[in-house]
Amino acid sequence: MAKGITKRSENYSEWYNEIIKRADLAENSAVRGCMVIKPYGFAIWEKMQRALDDMFKATGHQNAYFPLFVPKSFLEKEEEHAEGFAKECAVVTHYRLKSDPDGKGLMVDPDAKLEEELIVRPTSEAVIWNTFKGWIQSWRDLPLLINQWANVVRWEMRTRLFLRTSEFLWQEGHTAHATEQEAIEETEQMLGVYAEFAESWMAMPVIQGLKTASERFAGAVETYCIEALMQDGKALQAGTSHFLGQNFAKSFDVKFVNKENELDYPWATSWGVSTRLMGALIMAHSDDNGLVLPPKLAPIQVVVVPIFREEADLAKIMEHIAPIVEELKTLGISVKVDDDDKYKPGFKFAEYELKGVPVRLGVGMRDLENGTIEVARRDELTKETLPLEGVAKHISSLLDEIQENIYNKAMNFREENTFTVDNWEDFKAQIEMGGFVMAYWDGTAETEEKIKQETKATIRCIPLNSIEMAGECVYSGKESAKRVVFAKAY
RNA sequence: CGGGGCGUAGCGCAGCCUGGUAGCGCGCACCGUUCGGGACGGUGAGGUCGGAGGUUCAAAUCCUCUCGCCCCGACCA
């Protein structure tokens, strides 16, 4: 590229920021730690939302919306939950400003102090379970399967675009069930939905597993997660699904009468994914030419770049490609024809590569003479000249092929960067080099903590569906039932 | 909150040590030639040098204070 971006291999985080900037996805705002998601970035997020929302609906969930503010007394009710989130809460203490008598501008009106502080939601368990109290009386009211699309605020020390911002957009599911078994099934079902979304929409392979006690969601009995490996060898938690037991029901005094006419507390789950998935998408596939989008999430799947000098030539080219564009649209493919004459073709080629558009079609006067079209694919940066006849069908299957190809690439990368390690020296060396490190762990929080202190590696998850085979803990040498996934993480 | 770094044109930077007419690249505007991988030439617009105070005949440059941002750590979807 003439105006190359920072190489991925040289400075990963600079590369990451530059992809976001040059693909026009988002920017830091003037507001501390907050992010502006720009139209192109938001278009991708909307496609993610749509796909996820359809999956939630297909599994029987309904959308609703709950308040932004959580009275402090609500947040306090579940003790562990309160403790876990206390350190990162934005708090509303006043409801009015007034002119500053000592100078220009405004000041907080001390007379407008709230009797009870309001917390800007860091998550909505508290408000939602307070609401559920009024919704649940009988086993007939269960299961209650609710999802909300919302913003939340967590006052993070250091922020990074998409990966960690003070305010972020997400989806949070909150469900209530009559039995423990059903709630656990729901937790696992939604983890499966996330894994399916990550793999078949984002083309990003994930490991499904359980968090250790120390990494568990505050107030949960069990936290399930999906973990993905980024191209710099660091892990990213891409989604979580929590089995909350009866903790919130008890804290918020939500009870129902079961079929045996006995009072019981319902069992709860909550699960969420956020705009962090955008960060995952960027880091999983992009290269030194910019963003690489899986076709299923690309706002523009095919871009047509006419190559012309004269207005008259453009008109001829448009006529030449019109049937193809029509056919692509009929096939449900989103096509953009960039007939802008302010930029030259070479500029446009680079621009659409930066934006990750999966397929680019180039058409010039040469093609008109030959009845051809140039088809370039973003994932492999290859191009070929094909007869115009039948090209729409070819493109349609090419998009599927690209979707599959980038998944396979990410999968190969993960496999090449997943290591099985059996002694402490190898463990430290491998963690330093990056990747998922599969090692035995004795199951204690002490060992987990010491490993974290000495290597900065955390247990990303205890994988589900792995073969149980006993071994010796890589750190303590004590007995261990199975290998867990260690990595440095975002 | 600890440790580093930076504030000069829309963006990226030089100038500061050693005070003396505020510069370069990109971008922007106009004209011409170009147009199948980020074009080239010409002309031009654009600045209270983050802010306040001080030293000086003279401050982007030296001194004091202040504000803001970025990076590294603790925290974390």
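We name chains A, B, ... by the order of the sequence lines, and we start the count at 1 in each one. Computed from a predicted model, the values in this text were never measured in an experiment.
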Searching all strands shown, indicate the nucleotide that pairs with [N] (Watson-Crick or G-U wobble; both distances under 3.5 Å).
N	result
B:A45	none
B:G7	B:C67
B:C62	B:G54
B:A14	none
B:U21	none
B:C1	B:G73
B:G36	none

A:Phe168 ring over B:A77 six-membered base ring, under 5.5 Å and 30°: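 A:Phe168 vs B:A77: stacking yes.
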Between [atom2] on [N] and [atom1] on [X], what's the gap in Å once rounded to a whole number?
X	N	atom1	atom2	value
A:Glu374	B:G36	CD	P	12 Å
A:Arg460	B:A77	CZ	P	9 Å
A:Lys87	B:C75	NZ	P	9 Å
A:Glu369	B:G36	CD	P	16 Å
A:Tyr343	B:A39	OH	C1'	14 Å
A:Ile307	B:G38	CD1	P	12 Å
A:Arg22	B:C26	CZ	P	15 Å
A:Asn28	B:C11	CG	C1'	16 Å

When all nucleic acid strands are considered with a 4.0 Å heavy-atom cut-off, which category describes [X]: base, sugar-phosphate, or nothing?
X	value
A:Leu236	nothing
A:Gly364	base
A:Asp367	base
A:Glu156	base
A:Ser274	base
A:Thr385	nothing

Given the [atom1] atoms of [N] and [M], what is the spacing between them in whole Å?
N	M	atom1	value
B:U61	B:G53	P	14 Å
B:G20	B:C13	P	24 Å
B:U48	B:C30	P	24 Å
B:G27	B:C17	P	33 Å
B:U8	B:U55	C1'	22 Å

Residue met sooner reading RNA chain B from 5', once A:Arg366 and A:Trp155 are mapped to nucleotides: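 Final value for this comparison: A:Arg366.
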Shortest non-hydrogen contact between A:Trp129 and A:Thr175, atoms and distance: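 Looks like CZ2-O, 3.8 Å.
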Backbone N/O of A:Gly272 and side chain of A:Tyr194: donor-acceptor pair under 3.5 Å: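 Yes; judged by distance alone, with no hydrogens or angles, the pair exists.
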Just checking [X]: does its [atom1] atom have more than 12 heavy atoms from other residues, nucleotides or ligands closer to it than 6.0 angstrom?
X	atom1	result
A:Glu83	CD	no
A:Glu79	CD	no
A:Lys234	NZ	yes

Any side-chain donor near an acceptor of the partner, A:Arg460 and A:Thr458, under 3.5 Å: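 A donor-acceptor contact under 3.5 Å links the two side chains.
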Within-4.5 Å side-chain heavy-atom neighbours: A:Gln171 and A:Trp271: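 Heavy-atom side-chain distance check passes, below 4.5 Å.
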Under 3.5 Å donor-acceptor pair, A:Lys383 side-chain atoms to B:G36 base atoms: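 Per atom types, no contact qualifies.
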Polar pair under 3.5 Å, donor/acceptor by atom type, side chain A:Arg360, base B:G37: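 Pair found.
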